[in-house]
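Provided herewith is a single structure, encoded as structure tokens, for subsequent inquiry.
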Amino acid sequence: MRELVARYLSRSISRRSFLKGLTVSGVSLAAAKSVLESLVPLAHAQGTPGAAGSGVKVFQGTGGECFAEQLIASGVKYVFGNSAFEDAQFYEALVDRPQLKYILTPHEGPGAAMAAGYVKASGEPTIVMQAAVVGLMNAMGQIYNAHKEQTPVVFYSYRTDQTRRAGRDGFEEVANQEQIVQPLTKYAWLARRADMIPETLRRAFKAAWTPPYGPTYVSWHSDLSDEKGVRTEIIAQEKVDPRMRVRPNPAEVERAAQLLVEAKMPLMIVGDELYHTKSVAKAVKLAELLGMPVAQARQMYANFPTGHPLWVGGLPVARINSLTYPKEPDVVINVGNKLQHQSPAPIVGRNVKFIDLRIDSVSMGNVIITDVPLVADVAYGLDDLTAAVEGLMTPALQEKAAERAQEVRRFSQQASAMRALVTKNPDWNRNPMLADRVTWEVAQFADKDAIIVHEAGSVNLHSFGFNPLGGRELFFYYGAHLGSGVGTAAGVKLARPNQQVICLVGDGSFIFGPTALWNMARLELPVITVVYNNHAYSGPHSRVIDKTAGGRMVQTGQFYHDYLGSPDMNMAHIARGFGVDGEVVESAAQLKAALARARKATVEGRPYLIDAQVARVGVAWAEKPWIPPIRVAQERTRKV
Amino acid sequence: MRFRHRLLLVLFLSALPLAAQAQQTKPIGFPDAPGRDVTLQLCFQCHGDGMWRDYRQDRRGWEGALYRMVGRGALWTEDEINAMAGYLAATYGPQAGKASK
């Protein structure tokens, strides 16, 4: 309750949120209202006369306190950071502001991934603090991910104090620090005076959270945080937020509706803007209205129920003409997918009418010819488009849509049966296990509403049956700076403590960023982490062979780049070092038993890790892979 | 109605670099034998032969490889898988010579 009161008094939550928070914690509504009434005089006493209720207050304190006050006013609950004495006044400010929770992360990379996971799963703002430019460099990979994945995370790192040291190329100093992140951020700015810290922060949050979302960066010389007696305005974020929810151009909506109802075989591609705007159900409604098949190109989330009869699967090799069905769509509508191209051929070919509905206008029309651009919040866009289509539907068109829906249903039923053949693999019971077997076992085990955080780059998930409308959810990656999985899972669990969170990660990805395990242990975030451990980079192994078929590497078996064994890494031991229980499993029976132990641990509030030994399968894997003969032992002449 | 089932390396849940294999190679140099057409039709839907043309294994091994493609999203019937495994075992079996580049 102390925290709720503090948040209410600092105006970071509304009266309604305050009441809801109290009732959720077990206080009766009547009692909650009574508490609220008792706080009203206090709330009004905050800030300057005349400013009460306006969302604006004048605050006086250290630069660090101004920083903390504005974070609260911007709605921040969790701060993720790594320590530095330069931020001393900020830490000092935290002591009397319990509503601002500082999470110490032992490395800025996984720390930033944790923040991003929290933002993705909660829709709430946060900030990641790095120690100077050196910490910033650690976070850069996740800034890149946030940029590619359009995640609204605010990053901060101080610069060398300007009173005596700055400008001398001194310790942990680099020129133009804020410029380093400019290609990856929507806004990167240096506060020039201590009283401008809050204003700079507000702009960073506003830019990050104005669609299309993305990361922002703020910085200031560290002595600004130390400054005392700073007098400045603290303004509630809602007072500066443009609330940019755009409706599409009505004329373009009519054109799009006309194209869709006249199409012989329309196809919908779905994307992450649906998840962001919580409008998956609206996409389902439009698809059902038209009997329109639905697919998805690579994104982070599952944006459509994969068990729906209109679901035809993912886009193979990033082109619609590689779909098994429908083979010849004549009208394609993209709803909220950024459409990342991997090949010279456009995802949607030149012979297909294309409707592009999304808020990210900058990436529209760059590769694909767009017949109807619908720049909009996809929730509004789908509302308007659905209404327009309904207005055009005649009995004949309804009959056509129903026939098409039947055809799509027949395909999806066949496809579902064929996907289930994965268990017929003659190696299904082998040890070490097939990656597919690990996936299947976890899919049988997972809760109906589990959240699957997936960073196993060489593993394709199957058997889960994702459904963003109350079923299992997927948090995949789009940016591909590896090492984000464990941190993301920790952040997701922080945001969704009442859902099972399972992190699936490859050994290569895991070893880039395991430090968030320590956060799981300390914060009692009961995440189940399953490492697909084949002691190899199997993706690069296969793709290198694809480029050098018949070459010297294949002839000699000398692959320099792919084998991570000898010595084999034991991820369970690594987990124990961070305070997380874990075990190594080599068979499906062991995996099942380990998953049961993992469930018990998580029910008790403890995270758990399973190091699942996975077979190296595919071309040219030797039983004992060759290792480059680099032996320093031969060069040692002294036993030191 | 009957749908033609083709190899489908699903990118929705897949690793990024698979997509880079989108540039397909024209299938040449594949000996005529039962199962050739379905193999070329289905495998080359998504990738060329560079990744596996140096591979030699028996029928069981090829079956395993094909079912792993199912795990990656390939939509095939058991009959199609059997036909492909038979062709690959015959032409890329343990005794077959190495393909020339």
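Chain A is the first sequence line, chain B the second, and so forth, proteins listed ahead of strands; every chain is numbered from 1.
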* Quick one: closest heavy-atom pair of A/Ser458 and B/Arg72, and the distance? =>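 Result for this residue pair: O-NH1, 3.1 Å.
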* For residues B/Gly50 and A/Ala549, report the shortest heavy-atom separation together with the two atoms involved. =>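 That closest heavy-atom pairing would be O-CB, 3.2 Å.
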* What's the shortest heavy-atom distance between B/Thr77 and A/Leu421, and which atoms? ->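 Looking at all heavy atoms of both residues, the shortest contact is C-CD1, 4.2 Å.
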* At a heavy-atom separation under 4.5 Å, does A/Asn337 approach chain B through its side chain, its backbone, both, or neither? -> neither
* Is chain B contacted by the side chain of A/Ala620, its backbone, both, or neither, given a heavy-atom distance below 4.5 Å? -> backbone
* Rounded to the nearest 0.5 Å, how far apart are CG of B/Asp54 and CE of A/Met553? -> 11.0 Å
* Asked: Where do A/His462 and B/Gly71 come nearest, in terms of heavy atoms and distance?
  -> CD2-O, 3.5 Å
* Considering non-hydrogen atoms only, spot the tightest contact between A/Asp546 and B/Met51 and give its length. => OD1-N, 3.1 Å
* Asked: Who passes side chain to side chain contact (heavy atoms under 4.5 Å, CB included) against A/Asn425, sequence neighbours left out?
  -> A/Asp427, A/Trp428, A/Leu434, B/Tyr67, B/Arg68
* **Neighbour count above 12 (heavy atom, 6.0 Å) for A/Arg616 CZ** => yes
* Can you sort out the partners of A/His481 under side-chain hydrogen bond (donor to acceptor under 3.5 Å, both in side chains), two or more places apart, ordered by chain and number? =>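 A/His481: no side-chain hydrogen bond (donor to acceptor under 3.5 Å, both in side chains) contacts found.
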* Heavy atoms only: give me the nearest A/Pro426-B/Gly64 pair and the separation to one decimal. => CG-N, 3.8 Å
* To do: Return yes when atom CD of A/Gln444 has more than 12 non-hydrogen atoms of other residues, nucleotides or ligands closer than 6.0 Å, and no otherwise.
  =>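 Result for CD/A/Gln444: enclosed.
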* If you count the non-hydrogen atoms of other residues, nucleotides and ligands that lie under 6.0 Å from NZ in A/Lys148, is the total more than 12? ->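 For A/Lys148, atom NZ is not crowded (no more than 12 foreign heavy atoms under 6.0 Å).
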* Can you say whether B/Glu78 sits under 4.5 Å from chain A via the side chain, the backbone, both, or neither, judging by heavy atoms? -> both
* **chain B contacts, top residue of A/Thr423, A/Ile545, A/Val619, A/Val544 (heavy-atom pairs, under 4.5 Å)** =>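 Sorted descending by pairs with chain B, the first entry is A/Val619.
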